[in-house]
Amino acid sequence: MNKKVLFTLLTFCTLLILGLIYFISHDAVIMYAGENESWAVTCRADSNASAQLTIRYTGTESCKTRQIEVTIEQGLTKTTIQENFDEPEVLQHDSEFSFLCAKPANDTEPLKVTISTESGSTTINLSREHN
C-alpha cells in the first residue's frame with residue numbers, strides 16, 4: 001500500500017475510535033427530585049456546567065409573595081437564587097418557577113433545597129433518580 005492510503009486509513013480508524021470513546025463516556029442527564037406537602041422540586045443537569053432547577057407549588061391553599069428565595073446546598077457548596085416580583089405573585093396549585101444554576105459538583109451527594117417565601121420556608125432533600 002502506498003503511504004497516503006495507509007495514513008488516511010490510520011487517521012480514519014483513530015477518529016472512529018475517538019468518536020466511540022466520546023459516545024460511550026459522554027455524560028448522561030442527571031436528575032434529582034424531591035417533594036413535600038407544599039413543593040415538588042426537580043434538578044436536571046446535563047453534560048454542560050449548568051442545571052435547570054424547577055420548583056412547583058403543590059399546596060392546596062393560595063398565598064401571595066413578593067419574592068421566592070431558593071438555597072441549594074451540596075456538601076460544602078451553598079448557592080442562593082432570589083426571584084423578586086414587582087407585584088405580589090399568587091402561588092396557586094401547580095405554580096411553577098425555573099432557575100438556571102450550576103451543575104451539582106458531585107452526583108453521589110444529595111442536594112438540599114430550601115425554598116423561602118413571605119409565608120415561611122421549607123427544606124427538601126433531593127435524591128438522584130437513575131435514568
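Count residues from 1 along the sequence.
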Rounded to the nearest 0.5 angstrom, the OG1-CG distance for Thr114 and Asn125 is 8.5 Å
How long is the gap from CD on Glu73 to CG on Leu126, to the nearest 0.5 Å?
11.5 Å
Distance-only check: which donor-acceptor pairs under 3.5 Å involve side-chain atoms of residues 53-61, not counting sequence neighbours?
{"from": "Thr54", "atom 1": "OG1", "to": "Ser98", "atom 2": "OG", "distance (Å)": "3.4"}
{"from": "Arg56", "atom 1": "NH1", "to": "Asp94", "atom 2": "OD1", "distance (Å)": "3.1"}
{"from": "Tyr57", "atom 1": "OH", "to": "Glu61", "atom 2": "O", "distance (Å)": "2.6"}
{"from": "Thr58", "atom 1": "OG1", "to": "Ser38", "atom 2": "O", "distance (Å)": "3.2"}
{"from": "Thr58", "atom 1": "OG1", "to": "Trp39", "atom 2": "N", "distance (Å)": "3.3"}

NZ/Lys103 to SG/Cys43 distance, rounded to the nearest 0.5 angstrom?
10.5 Å
Using a 6.0 Å cut-off, check whether atom CG of Leu76 has over 12 heavy atoms from anything other than its own residue.
no
CD1/Ile81 to CD1/Ile115 distance, rounded to the nearest 0.5 angstrom?
11.0 Å
Tell me which donor-acceptor pairs under 3.5 Å the side chains of residues 63-70 have, and how far apart each pair is, sequence neighbours excluded?
{"from": "Thr65", "atom 1": "OG1", "to": "Gln67", "atom 2": "N", "distance (Å)": "3.4"}
{"from": "Thr65", "atom 1": "OG1", "to": "Gln67", "atom 2": "O", "distance (Å)": "2.8"}
{"from": "Thr65", "atom 1": "OG1", "to": "Glu118", "atom 2": "N", "distance (Å)": "3.3"}
{"from": "Arg66", "atom 1": "NH1", "to": "Asp86", "atom 2": "O", "distance (Å)": "2.8"}
{"from": "Gln67", "atom 1": "OE1", "to": "Gln82", "atom 2": "NE2", "distance (Å)": "2.7"}

Is the number of heavy atoms from other residues, nucleotides or ligands within 6.0 Å of CZ (Phe7) greater than 12?
no
Only counting residues at least two apart or in another chain, list the ones meeting side-chain contact (heavy atoms from CB on, under 4.5 Å) with Ser62.
Val90, Gln92
CZ on Arg44 to CD1 on Ile30, rounded to 0.5 Å
11.0 Å
Straight-line distance of Lys78 NZ to Thr71 OG1, nearest 0.5 Å
6.0 Å
Measure across Gln74 and Tyr32 and return the closest heavy-atom pair with its distance rounded to 0.1 Å.
NE2-OH, 3.9 Å
Of all heavy-atom pairs between Glu89 and Phe85, which one has the smallest distance, and what is that distance?
CB-CD1, 3.7 Å
